Amino acid sequence: MTTHVFVKYAIPVSLICALAAVGCGKSADTDGGGTPTPPKCTEADCADANPCTLDICEPAVGCRHDGTGVTLGCDDGNACTTGDACRGDVIGTCAGTDTSAVDCDDQNGCTTDSCAPATGCAHDGTGVTTGCDDGNACTTADACQGDVAGSCAGVDTSAVDCDDGSDCTADSCDVDAGCGHALVVSLRCRPQIVVDYPPRAATIQGTTPVAVTGRVTSGNGAISVLTINGQEVGVDPETGAFSFDFAATVGANVLELAATDAAAVSASRLQAFHLSADYRLPDVAAPGSGAIDLGAAVWLAQASIDDGQAPPPVDLAAIVEYVLANLDLNSLVDSSAPLASTAGFDIYYVSDLAIGGTASSLAAIDGGLHLVASLTSLTGGLVFDCPCSGATCGCWFAGGDSTGGWRIDAIVVEADLLIGVASDHSLTITALNTTSAVSGFDAWSNNSWTNFLISIIKPFIMGGLVADLESTLESQLTVSLPGVIVGVLSELAAPRALAVTRLDGALDPGTSQPITVGVTLAGDFSLTEFGDAAPGPQGGVFGMRAWATTAAAGVPVGAPWDANLGVPLRTGCGAGPQALVVPELASAEEVYADDVLNEVLRAAWWGGWLEQPVQLADLPATELAAAGITSFVGTLSGWLPPLLSDCAAGELRFYVGDLRLDATVEIEGQTVNVVSWASFDAPATLRATVTGLEVVLGVPEHVQVGLDVAQDDQLGHEGALAESWRTVIVPALVTRAGSGQPVVVVPHFEIDVSAALGQAPGTTLMRPVPLATPPASERQAGNTVSYSELQ
């Protein structure tokens, strides 16, 4: 018998399969061709679903599971552990390595958090009543409700106080955001700007700077920014008081104040004032009151006094010629009384005195005029009366009655007529250095017998008639003539009627002519300055006071109208005394200071020039409709007189400030009540025409509007209305500006010499006509000069 010995080795399945040259799971032929023996396992049979073991199939033996060295991740079936991994032991154990990492905190303070291995995290609020936060910012006393779900709820909503203490906010509470304070849109709940000084439409007598004081407050809290004309101004945080030194200009000034509060709500205020070191206020009941001293002047060159032409044209010398030509010399002759009685003859004058010619000249000299006047070829008759006849009458033997005559070649009178101004501002003429001379006297008789008497009676004629002629001529030229000349020259300051056209250019329904306000420009004399040809120019200046008034007030009663100080004097724009400039270049010149023109404007203002009703028909309805405005009823009132000034811009401009317009409008279907203030300026041109000195205004510029509505529910329209005011309404109310048509025409002076020439009034006038060669006018240092020649 053969004995077999078997030894068992742990041989891996793969190796067994390789050595057997057969795959696992297949039949094996144990005897090389006998009946196969079936295997004890397959790979599928050995899968134990444990990732911590290696599953081994030994076909002859069966499955084997070994976890040695296996450290793969796994699931130990405990929901309360993390970091589960194979332990590497033979049996393939899986276990969690970190139980602390399991976070069952649900962030709900109202639950008790736990972990069960089979089910994992659990959250139970049963019985929990601690404080909590329910996420609602509008509740207090939040607490856990003790229910399974762990609910948290506020139990007292009334305790949340969102009142910020301001009436200018709408207080509310939002679940997420908490208390909210929405701004209340109202007139009261925005910055309130109060200007204590200067008051609106003030006329300030003083110099720059002007201390602007006041206070600004807001229902929305502190004021964050206050500006005056763009410059930031400090505000007292407690009282809202402010003070600002404003660099004001002599003449017109505008203040624009803008404030913003802590809530970023803004408001503004617009007002104007005048500034000057001195003012003039004319009173229609007191002529001469408020006069602008040296406010106007007239220059008459030598050509306007006497151009040397014969016969003279219409100049002052024509008056002298008329006086000479109309001397009644025969009134000096008494033909009923004998001139002399000698040699039996009674010698009489005959009333047939005649003047062959006249000559005169007026020449400007220092202080006045030098007059030269002469009568030439004076002739008259003589009668030699022999009152008796016969041998007892000696004159009968001498030929009896006879006639004769006399002749004077010339009587010449010269005098200096000094022209001055009296204390009552009237013109005076004083004759000085008067001389007279008679040349070429001769007398004769047509009877040879009486010729011998000529030498006897010549002294009587010279001492009587000729002396009377000299005396009469001197008297006429040094007493009567100066009075005539004063009367003529006084008309340089004669009152002139002006019609100041309303700015809106409205027409009078009755006449279809522009509506105007009547103003009277009057004056008298302040000084005269005459000079001769060396050094020249030769001529005379008449410096005048001037003032303007209107017949009756057309402005409301009370402040600010009654408080208005009048016209602010230019005073060299603050740099020194104002001077009247007379160039003395043309044959005749008229000069007006800006202050005088401003008196004209102020008189028109006082007469109601800026007081008028305003209707929709007065405005561009199409443009207003485009802005949503369908009706308009208002009242315009000028609180401050308009002003011409070149002090601020260096060029002459027309300024209007504190122009108030109260209106009721309908905009987008809502009726809105508006109080507004406007200011603007416009370029101004003064031009000399045949009619006079015209004030022409350009298109308004720098239009500023301060507008307030009357009710809170109208605030939404405030911005749109202010823009319509600025771009449409204010320009429409001043359409005369920019039209090229004059607003004011100051008539040229006019001298009626008719009476001095023995004519009916208005027959002969001396008036200036602007020069055809430019410039017909120009400006110099606050004065406007018109260049002309007399016609």
Side-chain angles (χ1 to χ4, degrees), residues 298-329 354-365 368-378 410-419 427-431 434 436 472-494 525 528 530-533 537-542 586-590 690 748-769 771 788-791:
V298 172
W299 156 257
L300 296 179
Q302 178 61 37
S304 296
I305 297 170
D306 184 356
D307 64 0
Q309 298 183 40
V314 179
D315 55 17
L316 293 181
I319 300 171
V320 182
E321 288 291 329
Y322 176 78
V323 169
L324 293 176
N326 287 275
L327 285 173
D328 184 12
L329 298 182
I355 302 174
T358 62
S360 65
S361 67
L362 284 175
I365 59 173
L369 302 171
H370 181 69
L371 168 69
V372 178
S374 61
L375 301 177
T376 60
S377 300
L378 284 81
I411 300 177
V412 180
V413 175
E414 295 190 41
D416 293 334
L417 305 179
L418 301 185
I419 302 176
L427 284 179
T428 63
I429 296 182
T430 303
T434 303
S436 62
T472 298
L473 185 57
E474 284 188 20
S475 176
Q476 288 291 317
L477 296 179
T478 62
V479 179
S480 300
L481 179 62
V484 174
I485 294 178
V486 164
V488 169
L489 293 178
S490 293
E491 293 192 37
L492 293 173
F525 295 92
T528 59
F530 281 76
D532 58 22
Q538 188 176 16
V541 172
F542 298 86
S587 60
E589 295 170 5
E590 288 177 279
V690 174
H748 293 302
F749 70 81
E750 191 172 80
I751 303 175
D752 189 351
V753 296
S754 303
L757 300 180
Q759 303 167 343
T763 302
T764 302
L765 303 174
M766 296 171 60
R767 57 164 65 99
V769 175
L771 297 180
S788 58
E789 56 186 3
L790 289 184
Q791 291 186 2

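All figures in this text were calculated on a predicted structure; none of them were measured in a lab.
Side-chain N or O atoms of Trp299 include one that pairs as donor or acceptor with a backbone N or O of Ala586 at under 3.5 Å. Side-chain atoms of Asp752 come within 3.5 Å of backbone atoms of Gly762 as a donor-acceptor pair (strictly under, hydrogens ignored). A donor-acceptor pair under 3.5 Å is absent between the side-chain atoms of Asp532 and the main chain of Ile365, judged by distance alone. Checked by atom type and distance alone, the side chain of Asp307 never pairs as donor or acceptor with a backbone atom of Asp315 at under 3.5 Å. The closest donor-acceptor contact from the side chain of Gln538 to the backbone of Ala364 lies under 3.5 Å. For Thr478 (side chain) and Ala431 (main-chain N/O), no donor-acceptor pair under 3.5 Å exists by modelled atom type. Judged by distance alone, with hydrogens and angles left aside, the side-chain atoms of Thr376 form a donor-acceptor pair with the main-chain N or O of Gly357 at under 3.5 Å. At least one donor-acceptor pair closer than 3.5 Å links the side chain of Ser754 to the backbone N or O of Thr763.
Of the residues Leu481, Leu417, Ile419, Ile429, the one that meets the side chain to side chain contact (heavy atoms under 4.5 Å, CB included) test with Val486 is Ile429.
For the atom pair Gln791 CD and Met766 CE, the distance stands at 11.5 Å (nearest 0.5 Å). Rounded to the nearest 0.5 Å, atoms CG (Asp306) and NE2 (His370) are 12.0 Å apart. Distance check, rounded to the nearest 0.5 Å: OG of Ser360 to CG of Leu316 gives 11.0 Å. For the atom pair CD (Glu750) and CG (Leu492), the distance works out to 11.5 Å, reported to the nearest 0.5 Å. With rounding to the nearest 0.5 Å, the separation of CG in Leu369 from CD1 in Ile485 is 6.5 Å. With rounding to the nearest 0.5 angstrom, the CD1 atom of Ile355 is 10.5 Å from the OG atom of Ser377.
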Derivation of the side chain to side chain contact (heavy atoms under 4.5 Å, CB included) call for Ile411 and Leu378: CA-CA 8 Å; Ile411 300 177; Leu378 284 81; 3.9 Å; yes
Worked verdict on Glu321 versus Thr358 for side chain to side chain donor-acceptor pair (under 3.5 Å): CA-CA 7 Å; Glu321 288 291 329; Thr358 62; 3.2 Å; yes
Working for ring-ring contact (aromatic ring centres under 6.0 Å, His included), residues Phe542 and Phe530: CA-CA 9 Å; Phe542 298 86; Phe530 281 76; 5.4 Å; yes
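Side-chain contact, Thr434 with Glu414: no donor N or O sits under 3.5 Å from an acceptor N or O.
Side-chain atoms of Val372 and Val412, non-hydrogen and from C-beta on, do get closer than 4.5 Å to each other. The shortest distance between side-chain heavy atoms of Ile319 and Val488 falls below 4.5 Å. The shortest side-chain heavy-atom distance between Glu590 and His748 falls under the 4.5 Å cut-off. Side-chain contact between Ile751 and Leu765 is absent, with no heavy-atom pair separated by less than 4.5 Å. Side-chain contact between Leu300 and Leu790 is present, with heavy atoms from C-beta onward closer than 4.5 Å.
Closest approach of Gly540 and Ile305 over heavy atoms only: N-CD1, 4.4 Å.
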